[in-house]
Amino acid sequence: MQQPEPQAARPTLRKQLTVIARVVVSLALVGVLIWRIDFAKMAEFWQRADRALLLAALLLQLGGVAISAWKWWQLIRIQDPTLPYRWSLRTYFLGSFASNFLPTMVGGDAVRVLSLTQRTKRPGPAIASVLVERVSGFVVLTVIGWVGLLSSWALFDPAPELRLSALLALAVATSGIAAAISSPWTLGWLEKLPIPDVLRWRSRLGSFSRSLREAAADTRTLLVLLGISVLYQCSWVMVNILVCSALGLPIPWLVVGMIVPLSDIFGLVPIFWNSLGAREGVYIALLGVLGIPSEAAMAFSLMIFIIRLIASLPGGLLMARGSRGDQTVAEQPQP
């Protein structure tokens with residue numbers, strides 16, 4: 001029997017302005033980058049692209065959504081063993097569509113949290129399941145970034161400032177991961193420090209630490225999560241490699257393995273919408289050191305963005321078919 005849909009919470013004016021500002025910043029940055037390049041040359045890379053490889057990248061991206069849903073399912077089964085994988089997959093697609101096509105306050109994570117809360121009536125564990133799923137993937141992504149950076153260190157001798165920026169970004173990401181993972185043991189100490197509760201980090205870190213403690217107690221679940229995270233992040237890097245090959249760009253795979261995590265890390269800065277602008281800037285800056293034209297780097301990054309948009313369309317089809325019992329399109333802030 002379907003559960004009633006939770007009440008919508010109207011966004012505050014501050015949240016509305018924040019969302020608008022992020023969209024404006026991202027679109028402005030992309031606009032500036034496009035204005036500074038030769039758009040016709042960029043379009044030529046798309047026209048000459050290998051359609052078969054682009055299709056393979058799209059299919060692999062769709063498979064990545066299925067893999068992510070599978071990982072999240074490992075966590076939500078702890079709360080409700082009766083939830084089938086197809087529910088997790090459907091909710092993940094709905095969240096993906098919400099992130100890309102609905103008003104930006106309807107984040108994919110928020111859709112998943114609200115849907116799971118609707119089923120379990122436990123909002124804390126629902127939030128924690130999404131956080132643990134995200135952090136486990138971020139751990140693997142950061143490791144891939146370090147491997148890519150160290151293995152291609154000499155290639156960036158002409159631009160030591162970019163290499164230093166990449167090093168600092170990965171160091172910050174690693175520090176954040178270390179703080180999150182150690183939270184079950186350090187949370188009490190952190191809460192005593194006079195740190196502003198920005199983005200409600202105390203409650204979120206508390207929910208995350210409790211969920212992490214549960215996952216750590218189950219060694220099998222923890223190993224499965226890490227294994228699935230490796231599988232997904234490798235597939236995400238491979239999507240980029242396929243697009244790179246489709247456009248005919250001579251970029252070493254290890255360099256792609258470095259650029260993908262860095263663009264995702266910079267995209268986490270809360271001035272961007274959907275990493276738009278951050279991804280393009282990182283691709284143009286780092287690939288330029290290797291002699292890749294800005295037009296090619298821009299074609300590369302925007303094609304990745306387009307593929308992610310297309311891969312989220314199944315969620316729109318699910319919404320159109322009336323999957324209202326398992327999703328919430330209310331304007332809610334991301335968890």
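All residue numbers in this chain count up from 1 along the given sequence. All values below come from the heavy atoms of this structure, side chains included, with hydrogens, waters and symmetry mates left out. Predicted model, so just to flag it, every value in this text is computed and none were measured.
- To the nearest 0.5 Å, the span separating CD1 on I144 from CG on L262 amounts to 12.0 Å.
- For R308, there are no salt bridge (charged side-chain N to carboxylate O under 4.0 Å, His left out) partners two or more places apart in sequence or in a different chain.
- By the side chain to side chain contact (heavy atoms under 4.5 Å, CB included) test, A28 is found to be paired with no residue, residues two or more places apart in sequence or in another chain being considered.
- The CG atom of D109 sits 8.0 Å away from the CG atom of L131 when rounded to the nearest 0.5 Å.
- In this view, R77 satisfies the salt bridge (charged side-chain N to carboxylate O under 4.0 Å, His left out) rule with no residue, not counting sequence neighbours.
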Q) Can you check side-chain contact (heavy atoms from CB on, under 4.5 Å) on F93 and L317, steps first, answer last? A) CA-CA 10 Å; F93 268 116; L317 295 176; over 6 Å; no

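- Side-chain atoms of V243 and L53, non-hydrogen and from C-beta on, never get closer than 4.5 Å to each other.
- One distance of note links CD1 of I37 with CD of E280; it measures 10.0 Å at 0.5 Å rounding.
- A donor-acceptor contact closer than 3.5 angstrom is absent between the side chains of W70 and S88.
- Counting heavy atoms from C-beta on, the side chains of W253 and M238 come closer than 4.5 Å.
- A salt bridge is defined here as a Lys NZ or Arg NE, NH1 or NH2 lying under 4.0 Å from an Asp or Glu carboxylate O, and D157 with R163 meets this definition.
- Closest approach of L155 and V255 over heavy atoms only: CD1-CG2, 3.7 Å.
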Q) Given M42 and L302, is the side-chain contact (heavy atoms from CB on, under 4.5 Å) satisfied, shown in steps? A) CA-CA 10 Å; M42 185 191 78; L302 287 180; 4.1 Å; yes

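- A311 approaches L58 most closely through the heavy-atom pair N-CD1, 3.9 Å.
- Checked against side chain to side chain donor-acceptor pair (under 3.5 Å), T82 has the following partners two or more places apart in sequence or in another chain: D80.
- Put simply, the side chain of P314 does not reach to within 4.5 Å of the side chain of F97, judged on heavy atoms.
- In this structure, R134 fails the cation-pi test against F138, since its NZ or CZ atom is not both closer than 6.0 Å to the six-membered ring centre and inside 45 degrees of the ring normal.
- Residues satisfying the salt bridge (charged side-chain N to carboxylate O under 4.0 Å, His left out) criterion with E133, sequence neighbours excluded, are K71, R112.
- The minimum heavy-atom distance linking P252 with L290 is given by the pair CD-CD1, 4.4 Å.
- Listed by first then second residue, pairs satisfying ring pair (Phe, Tyr, Trp, His ring centres under 6.0 Å) with a partner in residues 276-321 read Y283-F300, not counting sequence neighbours.
- Distance check, rounded to the nearest 0.5 Å: CG of L225 to OG of S136 gives 5.5 Å.
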